[in-house]
Participant: 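Can you keep this structure in mind? I'll have questions shortly.
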Amino acid sequence: MTDSRILVDLDALAANHAALRARAGGAEVAPAVKANGYGLGAAAVADRLWAEGARSFYVARLSEGVALRAALGDRAATIHVLDGATPGSGDALEGANLVPVLNSLPQVEAWNSRARGRRLKAALHIDTGMNRLGLRLEELKVLVGAVDRLKGLEIDLVVSHLACADTPDHPLNARQLERFQEAVALLPDARRSLANSAGLFLGEAYRFDQARPGISLYGGGPEGRPHPEIRAVATVEAPILQVRVVPRGESIGYGAGWTAPDTTRVAIVAAGYADGVPRAAYPKGAVWFDGARRPMLGRVSMDLIAVDITDCDAALPGAMVELIGPHLPVDEAAEAAGTSAYELLTRTSARATRVLR
Ligand SMILES: *Cc1c(COP(=O)(O)O)cnc(C)c1O
């Protein structure tokens, strides 16, 4: 067994779901399972979250929605597609019973005219300050003043997304909250959804009727660092291939990027770019093995890294080291590589075996 593997702790996922539900008060928790469940496997994640009581899910792409519908089979889940009603997607959206999150006036128009006497379910995405997707407040005002433009739609949910929720005292949070309140007042019959994971930690005012957490379900803290209520879900492991002694003055790896200041015991680990280790993991990155962090030595290769195992007798070929997991939180591994938990998780390897526990 020389493949890296990703252990997905579904009980930890369920525990995080429960923690976020507690944070949400009475609001619904609708998991974001886009990007293959943040790299952990959307079908397995959604299956367990359904068992934990989740009934609405968010994906980004139409294709993700179609795949999730197939995975959930006859379970009556609501699946929201954040890309919305993109050109040409109508048949597939309806065919898989997906709810588009309409995010521009042309999308509203397209979905409304598709209805032809029916009423099609939709969520409406309002931009409250992120300037990514969503109708501006002025556009919403025009829309609600022209009933014909909405009469084919059953808008059951108004959504907006926070740009700075991971920075609780950022002034944009309060400004977005204010604009969101203004927006939802124009559609008083629709349910309201504002908070992502971090938004759930901003306080009651941000809860509304539904929250859409992603990263904290999967083990990332709401502020980009570990949080006591959030457990590690993914453990990424790879085996040691060999142990060698590098004499003083010799270097390791491509570019001779690290030179031994002293004779150094080194483990060569079967993990590299293709296993989701980013190039920038060196020089600050480490793995966890036998009770301690073991620093990476030299440049990451396609399939290999080297780590310092001086004074560690347990390092033998076949032993598994932890790249991300309960001892090396995804937020800390991300920080060391100058990236985020989002990127590390979604870039976990396709080559790695996923093992559900
Ligand atoms: C990805 C996403 C979420 C989930 O965000 P997290 O920060 O992962 O909790 C919620 N809402 C929207 C619109 C998103 O794009």
Side-chain angles (χ1 to χ4, degrees), residues 13 16-17 19-21 23-24 27-40 42 45-46 49 54 56-62 64-65 68 78-86 98-104 107 122-135 157-168 170 172-173 176-177 179-180 183 191-202 206-227 229-231 233-234 330-331 334 339-348:
L13 174 76
N16 291 343
H17 181 249
L20 294 169
R21 270 170 81 156
R23 286 269 168 189
E28 180 188 11
V29 168
V33 298
K34 59 196 179 185
N36 195 27
Y38 289 51
L40 303 187
V45 159
L49 291 172
S56 303
F57 298 89
Y58 282 85
V59 294
R61 304 275 117 83
L62 170 64
E64 294 174 346
L68 182 62
T78 301
I79 301 174
H80 291 101
V81 178
L82 289 164
D83 283 356
T86 49
L98 307 174
V99 181
V101 183
L102 305 175
N103 55 51
S104 68
Q107 285 202 357
L124 204 54
H125 191 154
I126 309 301
D127 174 46
T128 52
M130 192 169 192
N131 279 300
R132 206 177 58 170
L133 298 177
L135 277 73
L157 190 69
V158 180
V159 170
S160 190
H161 194 44
L162 296 164
C164 302
D166 60 353
T167 311
H170 197 291
L172 190 50
N173 291 321
Q176 288 197 263
L177 176 61
R179 287 187 197 147
F180 188 61
R191 297 168 70 229
R192 306 156 299 169
S193 178
L194 180 61
N196 60 343
S197 301
L200 277 173
F201 290 76
L202 292 179
Y206 290 81
R207 289 176 182 169
F208 293 97
D209 300 306
Q210 183 199 72
R212 311 177 307 274
I215 194 70
S216 291
L217 286 168
Y218 310 112
E223 293 179 36
R225 55 173 183 270
H227 187 283
E229 291 171 31
I230 302 301
R231 285 171 53 184
V233 175
V330 63
D331 286 309
T339 181
S340 65
Y342 297 85
E343 186 176 16
L344 269 199
L345 288 180
T346 52
R347 292 207 179 179
T348 50

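Heavy-atom basis, side chains included; hydrogens, waters and symmetry copies ignored. Not measured: the values here are computed from a predicted model. As the structure lists them, so they are numbered: ligands from 1, and atoms in each ligand from 1.
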Participant: Determine yes or no for a side-chain-to-main-chain donor-acceptor pair under 3.5 angstrom, with Gln107 supplying the side chain and Asp83 the backbone.
Facilitator: yes
Participant: What's the spacing between Arg212 CZ and Ser160 OG if we round to 0.5 Å?
Facilitator: 7.5 Å
Participant: Taking only heavy atoms of the protein into account, state which residues are under 4.0 angstrom from an atom of ligand 1, in chain and number order.
Facilitator: Ala32, Lys34, Tyr38, Leu82, Arg132, His161, Asn196, Ser197, Arg212, Pro213, Gly214, Ile215, Tyr342
Participant: Could you check if a side-chain atom of Leu177 sits within less than 4.5 angstrom of a side-chain atom of Leu202, using non-hydrogen atoms only?
Facilitator: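 In short, these two side chains do not touch, never coming nearer than 4.5 Å.
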Participant: What salt bridge (charged side-chain N to carboxylate O under 4.0 Å, His left out) pairs are there with at least one residue in residues 191-201, not counting sequence neighbours?
Facilitator: Glu28-Arg191, Arg192-Asp209
Participant: Under the salt bridge (Lys or Arg N to Asp or Glu O under 4.0 Å) criterion, do Arg225 and Asp331 qualify, and how do the steps go?
Facilitator: CA-CA 5 Å; Arg225 55 173 183 270; Asp331 286 309; over 6 Å; no
Participant: Evaluate the ring planes of His80 and Tyr58, with Trp represented by its six-membered ring, and classify them as parallel (under 30°), tilted (30 to 60°) or perpendicular (over 60°).
Facilitator: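 Plane angle under 30°, so parallel.
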